[in-house]
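Dropping the structure in here first, questions after.
Each ligand, and each atom within it, is numbered from 1 in the order the structure gives.
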Amino acid sequence: MTFGARAVIRLGALKHNLKVIRERAPGTRVMAVIKANAYGHGMLEVAKTLADADSLAVARISEARVLREADIDSPIVILEGVFTGEELDMAIDAGFEIVVHCIEQFELLEQLESGRLTVWLKVDTGMNRLGFRVSDAEALIDRARECRAIGKLRLMSHLANANDRQDDKTADQLSLFQSIADGFDGDVSIANSPGLFGWPDSIPKPSGDIWIRPGISLYGISPFDETSGADLGLRPVMQLESRLISVKTINAGDPVGYGGTWEAEQDSIIGVVAAGYGDGYSRFLPSGTPVLVNNRRVPLAGGVSMDMIAVDLGPGASDKVGDPVLLWGDGLPVEEIARYAGTIPYQLVCGVLNREPSMVVD
Ligand SMILES: *Cc1c(COP(=O)(O)O)cnc(C)c1O
């Protein structure tokens with residue numbers, strides 16, 4: 001038993017979510033996105049648990065190398081690609097698949113005499129972040145066919161607004177991508193979690209395979225503002241847990257915490273929980289944010305400090321030091337907590353600092 005905030009990672013929920021995702025997009029291949037330490041869930045354990053995903057995706061080569069060094073032998077895609085000859089050699093040696101999104105990366109490949117690399121050519125269908133212009137795609141595909149370093153050539157793009165199901169931009173991006181995919185002989189990929197759950201019939205139909213790229217949904221979290229993961233049949237993988245380390249009575253009018261930003265409206269009992277921004281519990285969470293103490297919702301009272309928060313347990317509460325606290329997880333969706341912090345659940349789970357080592361369970 002630890003008296004500090006700790007992420008409990010439920011691998012059974014992760015497997016369940018992969019199954020739900022596969023059922024959502026039958027016939028597609030799954031590139032499981034595990035960048036940023038698997039969205040804070042622990043990259044290696046998550047990679048091992050997702051061994052039957054068709055591939056794994058990370059942002060950077062440093063992440064891909066950690067996976068290979070741990071003997072993860074799944075295909076690994078580097079979403080931001082490589083930037084130097086040295087990184088390119090490393091990618092070839094390790095058999096990484098690389099995204100090529102800019103001309104500098106393309107020219108680096110063209111300097112090689114051989115390579116047999118699997119390359120994902122990224123086109124920008126409207127996000128205006130990474131990728132080549134749609135109008136250049138055809139010429140680049142022809143040029144890539146001549147490039148001796150490239151074994152398999154594949155096409156990808158990324159959706160900018162799919163988290164909002166009312167936004168027309170996604171349909172525009174999908175049809176633009178479809179127009180390039182139509183004439184392309186190879187695998188293609190555009191759908192992230194919101195694309196997959198929001199536009200299931202709009203995944204392009206090429207002559208090769210279609211790959212989906214779920215990230216947040218694997219972890220049981222909804223990509224949409226208005227729905228929770230549970231609404232989509234997903235189970236939260238992370239439980240951020242802690243314990244009460246102090247219980248004391250206060251009088252009406254007493255301020256709590258730094259700056260006294262919260263004052264008791266009545267005589268009450270304050271519980272102090274060993275969780276703070278030093279654990280990744282956001283300091284942007286205001287008084288009133290729900291916390292589960294002994295499975296009961298109680299409000300955060302006062303500001304979040306580095307190691308602690310205070311909650312108003314209410315008059316007559318019988319909670320004791322050592323009792324369990326849930327900051328988010330089953331029964332308290334991180335989607336809901338993110339709304340209180342004015343952020344997205346992606347940021348909260350990525351921000352868990354694992355000051356106490358996370359605990360992995362089935
Ligand atoms: C992070 C990422 C994803 C996963 O997105 P989710 O919204 O978490 O499903 C997919 N594709 C690319 C290119 C990404 O960077």
> Going by distance alone, is a donor N or O of one side chain under 3.5 Å from an acceptor N or O of the other, for Asp187 and Trp211?
Replying inline: yes

> Side chains of Ser268 and Asp312: donor-acceptor distance under 3.5 Å anywhere?
Replying inline: yes

> Any nitrogen or oxygen of Tyr346, main chain or side chain, under 3.5 Å from a nitrogen or oxygen of ligand 1?
Replying inline: yes

>> Checking side-chain polar atoms at under 3.5 Å, does Arg213 have a donor or acceptor matched by the opposite partner on His158?
In response: yes

> Can you find an N/O atom of Lys35 closer than 3.5 Å to an N/O atom of ligand 1?
Replying inline: yes

> For ligand 1, which atoms sit closer than 4.0 Å to a heavy atom of Asn192?
Replying inline: 5 (O), 9 (O), 10 (C)

>> Students should be able to answer this: which protein heavy-atom is nearest to atom 11 (N) of ligand 1, and at what distance?
In response: Arg213 NE, 2.9 Å

> Quick one: which ligand 1 atoms are inside 4.0 Å of a heavy atom on Pro194?
Replying inline: 7 (O)

> Any chance the side chains of Gln239 and Trp328 put a donor and an acceptor closer than 3.5 Å?
Replying inline: no

> Which heavy-atom pair separates Gly316 from Ile269 by the least distance, and what is that distance?
Replying inline: N-CD1, 3.9 Å

> Can you tell if the side chain of Arg297 reaches within under 4.5 Å of the side chain of Leu292, non-hydrogen atoms only?
Replying inline: yes

> For Tyr39 and ligand 1, does the shortest N/O to N/O distance drop below 3.5 Å?
Replying inline: yes

> Between Asp267 and Asn251, which heavy-atom pair has the shortest distance, and what is it?
Replying inline: OD1-CA, 3.4 Å

> Counting only heavy atoms, which portion of His158 has something under 4.0 Å from ligand 1: side chain, backbone, both, or neither?
Replying inline: side chain

> Which ligand 1 atoms are under 4.0 Å away from a heavy-atom of Ile216?
Replying inline: 6 (P), 8 (O), 9 (O)

>> With nothing but distance in play, are any N or O atoms of Gly215 less than 3.5 Å from an N or O of ligand 1?
In response: yes

> In terms of atom number and element, which parts of ligand 1 are under 4.0 angstrom from non-hydrogen atoms of Ser193?
Replying inline: 6 (P), 9 (O)

